[in-house]
Each structure stands twice: as structure tokens, then as C-alpha cells.
Trainee: 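Provided herewith is a single structure, encoded as C-alpha cells, for subsequent inquiry.
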2 protein chains.
Amino acid sequence: MTRPRQPTRIQARNRAAILEAALDVFSALGYRGATVDRIATAAGLSKPNLLYYFPSKEAIHEELLGRLLDTWLDPLRALDPEGDPLEEILAYVRRKLEMSRDYPRESRLFANEIVQGAPRIHAILSTDLKALVDEKAALLARWMEEGRIARVHPYHLIFSIWSLTQHYADFDVQVRAVLGSEDPFAGAPEFVETLYRRLLTPG
Amino acid sequence: MTRPRQPTRIQARNRAAILEAALDVFSALGYRGATVDRIATAAGLSKPNLLYYFPSKEAIHEELLGRLLDTWLDPLRALDPEGDPLEEILAYVRRKLEMSRDYPRESRLFANEIVQGAPRIHAILSTDLKALVDEKAALLARWMEEGRIARVHPYHLIFSIWSLTQHYADFDVQVRAVLGSEDPFAGAPEFVETLYRRLLTPG
DNA sequence: GAATGATTTGACCAACTGGTCAAAGCAACG
DNA sequence: CGTTGCTTTGACCAGTTGGTCAAATCATTC
């Protein structure tokens with residue numbers, strides 16, 4: 001009977017290289033556009049060698065999505081019921097915008113998946129994600145009732161933050177094509193801060 | 001020497017059916033995920049028959065993108081320099097939101113293309129699209145200088161409208177997963193109207 | 001209704017893709 | 001240094017895909 005063993009140094013290095021390469025390729029070409037051979041080459045391995053570490057292309061994709069989803073939702077989890085409402089929300093927006101700037105591949109990986117109907121993570125969306133959003137939407141609603149931020153639809157508020165911030169990663173080429181040489185992330189933080197301040201300041 | 005002839009009734013019908021089917025398939029599966037056979041079947045034709053009307057899969061995709069880009073940008077073109085600034089912008093936002101609701105496939109077709117680096121329409125983005133946005137951003141800037149709407153970064157303002165409204169089409173499954181049974185388009189128009197009113201009302 | 005051109009199809013092909021496998025290479029440990 | 005188990009690879013396979021082609025069918029027009 002084979003027991004699970006401590007992963008070798010080589011195993012750790014190669015699995016990490018594969019996931020890194022796969023993130024590159026999947027986020028740029030989508031699941032179908034990505035080929036195992038391309039991922040393998042990008043990871044510095046041969047195709048059969050890659051398949052020695054992961055049983056299938058699908059398995060790599062799943063592992064990537066699962067691993068990243070947690071990190072991706074951390075900023076929303078961090079929304080603190082005890083903090084100052086407006087500042088908490090602005091911190092969330094800022095953090096999301098930074099992630100869009102610093103981890104655009106992760107954003108595009110999800111975008112690719114969701115635009116095509118989220119065939120692989122639909123279940124997670126309607127359970128885990130929904131639960132988290134429900135909780136935070138309730139928190140926002142409470143703040144609104146207490147008159148600490150202006151009254152708006154809490155779910156649509158969250159959607160607006162997602163769309164606004166991730167737009168800079170997901171639609172990067174479009175944004176850059178329109179802006180020409182100007183750096184998208186120069187004006188963005190100021191813009192979104194102004195937007196949510198004006199939207200949410202009570203009265 | 002063969003001359004271009006008047007397209008037959010059959011030609012008109014079949015080409016239309018193909019483009020309609022292709023919009024369905026491309027928007028759901030992306031360029032790579034879509035197969036010629038699938039498009040053909042969806043159009044009620046055999047694969048060789050489809051290739052009698054279009055020389056290649058690529059050609060169908062190009063024709064679709066080109067055809068739709070114009071319609072897609074019409075609302076922005078309609079932004080009227082003579083109208084009331086805030087009402088013009090709100091009308092634009094409303095129109096975009098309606099298109100997201102009524103033509104989600106078109107939205108997702110572009111989303112798919114742009115998320116993957118817009119390999120096929122990059123040139124158009126940095127010429128035609130940029131020119132149009134430059135023009136309208138200048139108009140917005142003028143309105144801001146005249147004190148008729150609040151001062152914000154005009155380009156980011158336009159990006160925010162795109163991202164907010166198209167989010168409901170492009171990320172439809174996510175939105176629905178989170179909202180459960182509630183219709184996304186119930187609360188959305190009111191939310192975005194409030195958002196842009198508060199953002200742009202001067203003073 | 002015969003001739004002409006438009007339309008449709010089955011059979012086919014070459015390229016690509018995900019995945020397998022047996023054998024070879026390699027590292028570590030006694 | 002030989003054994004053991006981990007790692008790597010070349011050769012291969014079956015299924016899919018975009019696209020071709022000659023032949024058959026259909027519609028139109030004279």
C-alpha cells in the first residue's frame with residue numbers, strides 16, 4: 001500500500017513552476033485556448049513530464065481556481081463591522097484596485113471563467129461566494145439603517161466595486177488603447193475614491 | 001469573368017442564420033471554444049454548407065465583430081453637446097444598461113475578445129474607439145469647466161460607465177449566483193442613476 | 001422541360017490536442 | 001557500487017478540428 005509521502009524538493013519546485021506557467025497561459029488564452037504543451041514549455045518541462053505532476057489539464061485549472069479564489073475574496077472578508085463604514089469601504093475599494101494592478105492575471109483568469117458561464121466554479125459561486133456577499137451586504141445595510149452611509153442597494157454597491165476595479169485588469173488592452181501612453185493606474189485611485197465618497201457620504 | 005451578383009434570398013437567409021448562430025456560440029464559448037460544426041448545426045446547416053457562405057471561422061468572427069462594434073458604440077456617439085449635461089450622461093448610462101440587458105451576447109462577445117488581449121480588434125480600439133472616446137471626453141471636460149457637472153477624470157468616468165453597465169451582461173452568472181432569485185435588472189437602473197447623480201451633480 | 005448556375009452533402013485530409021506508456025536517466029542511501 | 005524509487009523522455013494513439021472537393025441536388029430562367 002502506497003502512503004502519501006513528503007513532497008520532494010523537485011516536486012515542490014516543478015509544481016510551483018507549472019502553476020505559475022498555467023496562470024500565465026490560462027489567463028491569456030482561456031481554458032480552451034491554453035494547450036498542455038504550451039503550459040509545459042512555459043514551465044520549462046516536456047508535456048509528459050508536466051503530466052507526471054498533474055493528472056490532466058483540467059486538474060491544473062481547478063487547482064489554480066481553487067487556490068486563487070480565497071486570496072481574491074480576502075479583501076471583502078476584511079470588511080470590518082467595527083471600523084468606520086466609509087473608510088472601511090474605501091479601503092476595500094483601494095485594495096481591490098491594487099490587486100487589479102498587481103495581479104491582473106488572476107483577475108483575467110476569473111473573468112475568462114465567468115464570462116463563459118463559470119462551468120467549473122458555478123457551485124462555489126452560489127454557495128461560498130453568495131454566503132460571503134450576503135453577510136457583507138447585511139453589514140452594509142446595517143450601516144445604512146444607522147445613517148452612517150447613504151442608502152443604496154447593497155448588492156449593487158458590491159457589484160459596482162467589483163466591476164469598476166477589475167475592469168482595469170480584465171479590459172486592460174482596451175483601457176490602454178483608449179488612454180494611449182497615459183498610465184491607467186495614475187488617475188484611477190483618485191477617481192474611484194471620489195466616486196464612492198460622493199455616493200456614500202450621508203445626507 | 002465573374003461579376004458580383006445580387007445575393008439570393010437563400011444567401012441572405014443563410015448568412016443571417018449563420019451570423020446569428022455564431023453570435024450565440026462565440027459569445028458563450030469564446031473564439032477557440034466555438035467549433036465550426038457547432039455553429040453550423042446551430043444555424044441548421046452542415047459544416048461544408050456553412051463554409052460555402054463564409055470562407056473560414058475567422059471570417060465569421062471578423063464580420064460579427066465589425067458589424068456589432070458600430071451598434072455597440074452608438075449610445076456614446078449619441079451623447080449630445082447641446083443637451084443638458086447630467087441628463088445626457090444619465091441617458092447614456094440608461095441606454096448602456098438596457099443594451100446589457102437586451103443584448104448580453106454582444107457584450108460577452110466583446111468581453112471574450114478583449115479579456116484575451118483583443119488580438120483581432122486591437123487596431124480598431126486604438127484608432128476608431130480612441131478617437132470617439134477622445135472626442136466625448138473632451139465634451140465632458142468642457143462641461144466640467146463650465147461647472148455644469150462635477151469635476152472628475154473624464155476617461156475614467158467613461159470607463160466606469162462601461163464597466164458598471166456591461167458587468168451585468170459579462171458577469172451575469174456571478175451576479176445571478178449571488179442574488180439568488182432576485183432579478184439583477186430590478187435594482188440596477190436605480191442604483192446607477194443614483195450613483196452618477198451623486199457623482200456628477202456640481203457643488 | 002432542358003440548361004444553367006446556385007446550393008448541399010458525404011467522404012476525406014492534415015494538423016493539433018490531451019493523454020499514455022515503456023524505457024531510460026538520475027539521485028540517494030545503505 | 002548497487003539497489004530503489006523518483007524523474008524525464010520519445011514514440012505513440014485516438015479524438016477533434018478547420019477546411020477541401022467532387023459529385024449530387026435544387027431552383028430559375030428561357
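This structure is a prediction, so every number in the text was calculated from the model and none was measured. Letters A, B, ... are given to chains in the order of the sequence lines, protein chains preceding strands, and every chain is numbered from 1.
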Trainee: Mind listing the closest non-hydrogen atom pair of B/L157 and B/Y196 along with its distance?
Mentor: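 What the structure gives for the nearest pair is CD1-CE2, 3.6 Å.
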Trainee: Could you give me the CA-CA distance, side-chain angles and deciding distance for B/H153 and B/F159, then say whether ring pair (Phe, Tyr, Trp, His ring centres under 6.0 Å) is met?
Mentor: CA-CA 10 Å; B/H153 193 304; B/F159 295 150; 8.1 Å; no
Trainee: B/I18 CD1 to D/dG18 P: how many Å, rounded?
Mentor: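 Taking atom P of D/dG18 as the reference, CD1 of B/I18 is at 14 Å.
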Trainee: To the nearest 0.5 Å, what is the distance between CG on B/L195 and CG on A/L195?
Mentor: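 If I round to the nearest 0.5 Å, the distance is 4.5 Å.
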Trainee: Going by ring-ring contact (aromatic ring centres under 6.0 Å, His included), name the pairs with one or both residues in residues 15-36 of chain B, residues two or more places apart or in two chains.
Mentor: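 Qualifying pairs: B/F26-B/Y31, B/F26-B/H61, B/Y31-B/H61.
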Trainee: Starting at atom CZ of A/R15, determine the distance to atom P of D/dC6, rounded to an integer number of angstrom.
Mentor: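 To the nearest whole Å, that distance equals 15 Å.
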Trainee: Under 3.5 Å, side chain of B/K47 to main-chain N/O of B/A40, donor-acceptor pair present?
Mentor: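 Pair absent, no side-chain N/O of B/K47 close to backbone of B/A40.
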Trainee: Below 4.0 angstrom, N of the basic side chain to O of the carboxylate: do A/E145 and A/R151 qualify?
Mentor: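 No, no charged N to carboxylate O under 4.0 Å.
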Trainee: With a 4.0 Å limit, can you tell me whether A/N14 has a side-chain N or O closer than that to the phosphate oxygens OP1/OP2 of D/dT8?
Mentor: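 For D/dT8, OP1/OP2 do have a side-chain N/O of A/N14 under 4.0 Å.
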Trainee: I want to check one thing: is the phosphate of D/dC6, taken as OP1 and OP2, less than 4.0 Å away from some side-chain N or O of A/Q11?
Mentor: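 It does not, given that no N or O in the side chain of A/Q11 lies less than 4.0 Å from OP1 or OP2 of D/dC6.
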Trainee: Could you pick out which residue, B/Y31 or A/R9, lies toward the 5' side of DNA chain D when each is mapped onto its nearest nucleotide?
Mentor: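 Going by which nucleotide is closer to the 5' end, it is A/R9.
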Trainee: Quick one, which residues of residues 36-61 of chain A touch DNA chain D with a heavy atom under 4.0 Å?
Mentor: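 Per residue number, the list reads A/S46, A/P48, A/N49, A/Y52, A/Y53.
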